[in-house]
2 protein chains.
Amino acid sequence: MSAVDKAFHGLRHMIATGRLGAGERIPPEAELGEELGVSRGSLREAVRMLAALGVVEPRHGSGTYVSQLRPEDIIGSLSLTLELLPLPGLLEVYEIRRVLEAHVAAKAAARRTPETVRTLFSLIEAMEATDDPAEASELDHRFHAEIARAAENPTLASLLAVFRARSRKYQVFTLPEGPELRRKSDADHRVLATAIADRDPGSAAGAAEAHVTQTERWLRAFMPPVEEGAQGREKGGEADGALS
Amino acid sequence: MSAVDKAFHGLRHMIATGRLGAGERIPPEAELGEELGVSRGSLREAVRMLAALGVVEPRHGSGTYVSQLRPEDIIGSLSLTLELLPLPGLLEVYEIRRVLEAHVAAKAAARRTPETVRTLFSLIEAMEATDDPAEASELDHRFHAEIARAAENPTLASLLAVFRARSRKYQVFTLPEGPELRRKSDADHRVLATAIADRDPGSAAGAAEAHVTQTERWLRAFMPPVEEGAQGREKGGEADGALS
DNA sequence: CGGCCAGGATTCATCTGATGACTTTCCCTT
DNA sequence: AAGGGAAAGTCATCAGATGAATCCTGGCCG
């Protein structure tokens, strides 16, 4: 086993067995490196791996701390790389989104509070009022995040947040057809929010699924089709510079 | 921005824009480090981060290569850390599994081939024949993976595979009640496989959801309850040495 | 007595240089 | 032409030194 692997698995094992608890500071590099039998450089590479995976967080001058190990910490690591997924994979993500958004919508409808309903409709009004595509995208994200929050499953909420972030990168609202798409999207949101306000899980699930399906259809229609046998590799046309 | 961040984002951008394609070898450390304006050490830390996330793969003596960027490459990175998730988070994962397993079961029922049905029943027979809990767990995994495969969504299949791997770490079949639980599990499998063989998506979804719910119930019943306000931190009892 | 501040100690961040291990390539020998 | 071995290329690892950010301690001042 390589030195970095030894440090990586050793450190992970210390966390898994509770020797290093959530939020705790791990020993200094020199000390831990000696204990694990690797140099500081190799240990640092292992720590960086765990940091990329959301397990630890180094703080300059202070120390390196184990994260809270909450679902969002672990799942959030996907957001760094999910945008590298080629288009065919993205369409598969949409199928997952469709199922899960329908589920959280139904659950939110069953568990909604008056505050949730108020928040949803105020976000809808803000969405309908703005002309800025970027702001509309941000409000759209918060609208769906609010529904996921109401479903009371943080793991599921963060998973959907990661998936949505991937979709947002394509910025369909900035297309020439953007305003038209946004009007349709706003209408979808009102149907969905109304179903939740009415405590109607079935309608909410249907509305959420239809909304995701609609978004997926736009993506298929307006995005460059993938050439056959091209190993799923994207060309350089990623609309990346505007927001990231 | 720190040197490692500069290298990490720079390298990721080179991949996102297609300057480095899937499967391609990236420039040598010395050359790439100079281009990105960081030392070899910092570049290596950034490369390790991307490796942990499934984006690149260093090969000793040969070079560092961009992965195929398939969904399983990206999602598979979760398997390294999902086992660190405390128990409360795991129960939230079960809710996601329940929804998604039901979906893939329904889809598999709609799209099944004779080969799929044959494979499922042969796995069931092997499961019923063995006495080894570890082998039973492995066959159980392959049974569900086959259903996910039949649903023709590799991203979803790998996501479910990661979730199942986390659950398997608890090894309920090795408990004193194991044999009894396995008989119930085997019966569930027959119901599910029969529904798929009958091309009955509704029954398949119901059977899959019931099966996951049953597993979750076992976990709640037999695993140590979490003490209130304990920040979800696990004690050292993880049954880790047997299989990993 | 309490708060503030300066300086030292601690810790991570980065760079440089050197050596070893592994893979690939290519040329020489048979 | 095939096989073997040397050489180049590349990642892996270690050691040492310096910089930067934070934390802590002790003394000073109000």
Side-chain angles (χ1 to χ4, degrees), chain A residues 1-15 19-69 73 77 80-81, chain B residues 1-15 19-69 73 77 80-81:
Chain A
M1 169 153 16
S2 71
V4 174
D5 278 5
K6 192 169 26 165
F8 179 83
H9 287 108
L11 198 42
R12 192 181 62 142
H13 189 256
M14 290 170 79
I15 297 171
R19 181 170 158 197
L20 291 175
E24 196 173 326
R25 192 177 74 173
I26 74 176
E29 290 175 349
E31 183 179 330
L32 190 54
E34 187 176 10
E35 173 179 342
L36 294 171
V38 301
S39 71
R40 273 190 59 228
S42 296
L43 173 62
R44 279 183 60 80
E45 292 185 19
V47 168
R48 285 289 189 185
M49 291 172 70
L50 287 168
L53 294 168
V55 175
V56 303
E57 178 196 349
R59 297 181 203 163
H60 191 173
S62 172
T64 299
Y65 298 79
V66 179
S67 83
Q68 292 304 318
L69 300 178
D73 298 324
S77 69
L80 289 170
T81 57
Chain B
M1 179 168 352
S2 72
V4 174
D5 278 6
K6 192 167 30 165
F8 179 83
H9 287 109
L11 196 43
R12 192 180 61 141
H13 190 255
M14 290 169 79
I15 296 170
R19 179 168 160 198
L20 291 175
E24 194 172 328
R25 192 177 74 173
I26 75 177
E29 292 175 348
E31 183 180 328
L32 190 53
E34 187 176 11
E35 173 179 343
L36 294 172
V38 301
S39 72
R40 273 189 59 231
S42 296
L43 173 62
R44 278 183 61 80
E45 292 186 19
V47 168
R48 287 287 189 184
M49 291 172 70
L50 287 169
L53 295 168
V55 175
V56 303
E57 178 195 351
R59 297 178 204 165
H60 192 172
S62 174
T64 299
Y65 298 79
V66 179
S67 83
Q68 294 303 318
L69 298 179
D73 298 325
S77 69
L80 288 171
T81 57

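Residue numbering restarts at 1 for every chain, and letters A, B, ... go by the order of the sequence lines.
The shortest side-chain heavy-atom distance between Val56(B) and Leu20(B) does not fall under the 4.5 Å cut-off. Looking only at side-chain heavy atoms (C-beta outward), Asp73(B) and Val55(B) stay at 4.5 Å or farther from each other. Side-chain contact check for Val38(A) versus Lys6(A): some heavy-atom pair is nearer than 4.5 Å.
For residues 45-56 of chain B, the salt bridge (charged side-chain N to carboxylate O under 4.0 Å, His left out) pairs, not counting sequence neighbours, are Arg44(A)-Glu45(B), Glu45(A)-Arg48(B), Arg48(A)-Glu45(B).
Within residues 31-49 of chain A, the residues having any heavy atom under 4.0 Å from DNA chain C are, by residue number, Arg40(A), Arg44(A), Arg48(A).
Closest heavy-atom contact between Val66(B) and Ala22(B): CG1-CA, 3.9 Å. What you find for Ala52(A) and Ser77(A) is that their closest heavy atoms are O-CB, 3.3 Å.
dC14(D) atom C1' lies 12 Å from atom NZ of Lys6(A), rounded to whole Å. If you take CD of Glu57(B) and P of dC11(D), they are 13 Å apart, rounded to a whole angstrom.
Shown here are the side chain to side chain donor-acceptor pair (under 3.5 Å) partners of Glu35(B), two or more places apart in sequence or in another chain: Arg19(B).
With rounding to the nearest 0.5 angstrom, the CG atom of Leu80(A) is 9.5 Å from the CG atom of Leu53(A). Atom-to-atom distance recorded for Glu29(A):CD and Ser39(A):OG is 10.5 Å, nearest 0.5 angstrom.
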Nucleotide N/O to protein N/O under 3.5 Å, stretch nucleotides 20-22 of chain D:
| unit_1 | atom_1 | unit_2 | atom_2 | d |
| --- | --- | --- | --- | --- |
| dA20(D) | N3 | His60(A) | NE2 | 3.2 |

Mind listing the N/O atom pairs, protein and nucleotides 5-7 of chain D, below 3.5 Å?
none

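Using modelled atom types, no side-chain atom of His13(A) and backbone atom of His9(A) make a donor-acceptor pair closer than 3.5 Å. Side-chain atoms of Arg25(B) come within 3.5 Å of backbone atoms of Ser62(B) as a donor-acceptor pair (strictly under, hydrogens ignored). With hydrogens and angles disregarded, no donor-acceptor distance shorter than 3.5 Å links the side chain of Thr64(B) to the backbone of Glu57(B).
When each of Glu29(B) and Tyr65(A) is assigned the nucleotide of DNA chain D bearing its nearest heavy atom, the one mapping closer to the 5' terminus is Glu29(B). Judged by closest nucleotide on DNA chain D, Ser2(A) is the one of Arg25(A) and Ser2(A) placed further toward the 5' end.
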Exercise. So Tyr65(B) and Arg59(B), side chain to side chain contact (heavy atoms under 4.5 Å, CB included) or not? Walk me through it.
Worked result: CA-CA 8 Å; Tyr65(B) 298 79; Arg59(B) 297 178 204 165; 3.6 Å; yes

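Mapping heavy-atom proximity under 4.0 Å, the span of DNA chain C touched by chain B runs 5' to 3' from dT14(C) to dT23(C).
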